[in-house]
Amino acid sequence: MTATIQTIRDDFSFLDEWEDRYRYVIELGEALPPFPDEDRKAANKVPGCVSQVWLTTEQAQGADPVITFRGDSDAHIVRGLVAIMLALFSGRAASEIQRTDAEATLKELGLDEHLSPQRANGLRSMVKRIKRDAEAALRPAA
């Protein structure tokens, strides 16, 4: 079972050392459900990430559909960052995804200051892709 964003926030607040927090991030990635091999294709890759990151989007019906994301990476810490982003965004209505401030969450967790520039850029690319998919889900069908 994957952790909720509130569980992640609570767990981060109990971990004082960044080495422990990185270990926790890796554990979050290890807890992600298996990602199907057939979804590891170019169309699902998130550009801008140094490590390979794949993200799939599944949306429910309706004017403000609930969107479910699945994701994976070939790097341990990045896979954990994927897990944090899925906890923040997946299973929420498209309009809620649009309003969610990922930068504020990253700052709250301290990740904005402790990620390498490459990982931070990759994370921003992932957020951009998630928000783009939510925006597309809110557009009326042509």
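Residue numbers start at 1 and run along the sequence shown.
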Determine the interplanar angle of the Trp18 and His114 rings, folded into 0 to 90°, and report it as parallel if under 30°, tilted if 30 to 60°, perpendicular if over 60°. parallel

Under 3.5 Å, is there a donor-acceptor pair between the side chain of Ser73 and the main chain of Ala75? yes

Would you say Phe89 ends up clustered with Val66 if hydrophobic residues are merged whenever their side chains have heavy atoms under 4.5 Å apart, either directly or through other cluster members? no

Pairs involving residues 93-102, ordered by first then second residue, that meet salt bridge (charged side-chain N to carboxylate O under 4.0 Å, His left out) (sequence neighbours left out): Arg92-Glu96

Do Ile5 and Met126 share a hydrophobic cluster, counting only Ile, Leu, Val, Met, Phe, Trp and Tyr and linking them when any side-chain heavy atoms are less than 4.5 Å apart? yes

Validation row: Val127, Leu88 side chains within 4.5 angstrom (heavy atoms): no

Name each donor-acceptor pair under 3.5 Å that joins a side chain in residues 54-63 to protein atoms two or more places apart or in another chain, with its distance.
unit_1, atom_1, unit_2, atom_2, d
Thr56, OG1, Arg70, NE, 3.4
Thr56, OG1, Arg70, NH2, 3.4
Thr57, OG1, Asp133, OD2, 2.6

Counterpart residues, side chain to side chain donor-acceptor pair (under 3.5 Å), relative to Thr7 (two or more places apart): Thr4

I need the full list of salt bridge (charged side-chain N to carboxylate O under 4.0 Å, His left out) pairs touching residues 3-16, with sequence neighbours left out, sorted by first then second residue. Arg9-Glu108

Restricting to side chain to side chain donor-acceptor pair (under 3.5 Å), what partner residues turn up for Asp112, sequence neighbours left out? none

For Arg132, give me all partners under side chain to side chain donor-acceptor pair (under 3.5 Å), at least two apart in sequence or on another chain. none

Around atom CD of Glu38, are there more than 12 heavy atoms from other residues, nucleotides or ligands closer than 6.0 Å? yes

With heavy-atom distances below 4.5 Å as the criterion, would you say the side chains of Phe69 and Ile97 are in contact? yes

Under the side chain to side chain contact (heavy atoms under 4.5 Å, CB included) rule, collect the residues that match up with Ala83, sequence neighbours excluded. Leu28, Leu32

Look up atom OG1 in Thr68 and atom CG in Leu86, then write down how far apart they are to the nearest 0.5 Å. 10.0 Å

Under the ring pair (Phe, Tyr, Trp, His ring centres under 6.0 Å) test, residues paired with Phe35 that sit two or more places apart: none

For residues 75-91, the side chain to side chain donor-acceptor pair (under 3.5 Å) pairs (sequence neighbours left out) are Asp72-Arg79

Checking Ile67 against Ile130 for the side chain to side chain contact (heavy atoms under 4.5 Å, CB included) test, could you report, in this order, the C-alpha distance in whole Å, the side-chain angles of both residues, the deciding distance, and whether it holds? CA-CA 9 Å; Ile67 302 178; Ile130 288 169; over 6 Å; no

Holding to salt bridge (charged side-chain N to carboxylate O under 4.0 Å, His left out), I want the full list of residues that pass it with Glu17, two or more places apart in sequence or in another chain. none

Can you check whether Asp39's main-chain N or O pairs, donor with acceptor, with Asn44's side chain at less than 3.5 Å? yes

Is there any salt bridge (charged side-chain N to carboxylate O under 4.0 Å, His left out) pair reaching into residues 114-128, and which pairs are they, with sequence neighbours excluded? Glu103-Arg124

Would a hydrophobic clustering, with Ile, Leu, Val, Met, Phe, Trp and Tyr connected at side-chain separations under 4.5 Å, put Leu109 with Ile77? yes

Under the side chain to side chain donor-acceptor pair (under 3.5 Å) test, which residues partner Ser125, sequence neighbours left out? none

Examine the side chains of Lys131 and Gln98 and answer whether a donor and an acceptor come within less than 3.5 Å of each other. no

Backbone N/O of Asp74 and side chain of Ser51: donor-acceptor pair under 3.5 Å: no

Within the 4.5 Å heavy-atom criterion, are Ile26 and Arg23 side-chain neighbours or not? no

